[in-house]
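Atoms within each ligand, like the ligands themselves, are counted from 1 in listed order. Start at 1 with the first residue, then count along the sequence.
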Amino acid sequence: MSRVPVRPSVAALPAYQAGARPSGRLVYKLSSNELPFPPLPGVLAAVEGAAADANRYPRQMADELTAAIALFHGVETGGVAVGAGAIALLGYALAAFVEPGDQVIYGWRSFEAYPILAGVAGAEAVGVPLTDTGQLDLGSMSAAITPTTRAILVCSPNNPTGPAVRRDEFDRFMAVVPTDVLVVLDEAYVDFVTDSAAVNSFEALGRYSNLLTMRTFSKAYGLAGLRVGYAVGRPRLIEAIRAVARPFEVSAMAELAAIYSLQMQEAMAQRVRQVVETRTVTFQDLVAQGWRVPEPQGNFVWLELGADAVPFAGACQRAGLLVRPFPGEGVRVSIGEPVAAERFLEVAATWV
Ligand SMILES: *Cc1c(COP(=O)(O)O)cnc(C)c1O
């Protein structure tokens, strides 16, 4: 037994529970909100090319990808930071702006990683309960602000429940958040949003100097395995993120894959449309079956099952579906292949 003391804030961290991985027989993996498709056309060849140079370090901060993202969004390169997934950038944002003992506010239940990242930063994590329709309660979140609050994490669409934050709600929220409190808008699922009233950070970024947006290539672009995401905001904020970021963490393979993927908007959008179609059918069917389902705006649906969450996930597994149970709360089911959605609906029908 080692006697080296572990920081109390680290000893108290909840463990990150990743979605289950398939083992053996044919299963549909609906447990991690990945796309069921392979990388976009041309991406694999680019990755192979970059792999041949694996004896070399990549660019220190993925400069080419940074420039490509800036061009794509029409912002200056100084306003973009690239990292090994949005998770890395969320951690950097807290490392750059939050002192131990400060408060970090987020809705709860929301993204699994938030309490862990807040804990690693030594922050006091404040999870504000969602509304009973699975939406972020931005009013209660702003009411929870105290003089020690340094950052607020807003997940839209919210993982795992699904609803997106509306633009008008977000503007009311930003109007009461002090301008020296960082607001992070986590838009990992923004490409799946169909509600035209939903917030879109690129309209908001110009108006709010305390706003950072986080996006990722892991979801709609189908590159979860390559680990690449980005943050956009005022250059002063981005500079601080770059100052704490680990150099070389985005591999040349990931950088090239993301650059190629960014150029294939139409192919990406077509896949997204397919997923959204399946999501719509799934949602409507669940409602018709009698389920109360929060409005899904990402590539997943949420069933609030309470104590039945784990047994329901077991029933799904027996039907060849890996889903993501949150014990005592509910089950998140990623939208992937239409045939997997059909099987899921069959299981759900036996359970209402
Ligand atoms: C998947 C996800 C991310 C992105 O994670 P990566 O590190 O980019 O793979 C960020 N936020 C939320 C809410 C997510 O669900």
Task: Ring-ring centroid check Y28 F344, cutoff 6.0 Å - done: no

Task: ligand 1 versus A86: contacting region, heavy-atom distance under 4.0 Å - done: both

Task: Enumerated ligand 1 atoms positioned under 4.0 Å from heavy atoms of A188 - done: 2 (C), 3 (C), 10 (C), 11 (N), 12 (C), 14 (C)

Open item on the list: Please classify the K219 to ligand 1 contact at 4.0 Å (heavy-atom distances, strictly less than): side chain, backbone, both or neither.
Closed with: side chain

- [ ] Run down the list S218, A88, S32 and name the one with the heavy atom closest to atom 9 (O) of ligand 1.
- [x] S218

TODO: Pick, from F217, F111, Y189, F300, the option with the minimum heavy-atom distance to atom 15 (O) of ligand 1.
DONE: Y189

TODO: Measure from NZ or CZ of R324 to the centre of the six-membered ring of F326, then state whether that distance is under 6.0 Å and the direction lies within 45° of the axis.
DONE: yes

Task: Trace of the ring pair (Phe, Tyr, Trp, His ring centres under 6.0 Å) decision for F300 with W302 - done: CA-CA 7 Å; F300 51 91; W302 172 253; 9.1 Å; no

- [ ] Have a look at ligand 1 and work out which part of N159, if any, has a heavy atom under 4.0 Å from it: side chain, backbone, both or neither.
- [x] side chain

- [ ] Identify, for atom 5 (O) of ligand 1, the protein heavy atom at the shortest distance, and state residue, atom and that distance.
- [x] I87 CG1, 3.8 Å

- [ ] Would you tell me whether Q103 and T146 have side-chain atoms, one donor and one acceptor, within less than 3.5 Å of each other?
- [x] yes

Task: Point-to-point distance, once rounded to the nearest 0.5 Å, from CG of L256 to CG of L65 - done: 9.5 Å

Task: Closest to atom 12 (C) of ligand 1 among L223, N158, V184, D186 (heavy-atom distance) - done: D186

Task: Atom pair CG (L94) and CD (E99), whose distance is rounded to the nearest 0.5 Å - done: 12.5 Å

Open item on the list: Could you tell me if D171 and Y208 have a donor-acceptor pair between their side chains, going purely by distance under 3.5 Å?
Closed with: yes

Task: Pair R273 + E266, salt bridge at N-O below 4.0 Å - done: yes

- [ ] Output yes when the distance from some N or O of ligand 1 to some N or O of T216 is under 3.5 Å, and no in every other case.
- [x] yes

Task: Under 4.0 Å to a heavy atom of R227 - the qualifying atoms of ligand 1, by number - done: 6 (P), 7 (O), 9 (O)

Task: Atoms in ligand 1 flagged as close to C155, the criterion being non-hydrogen separation under 4.0 Å - done: 13 (C)

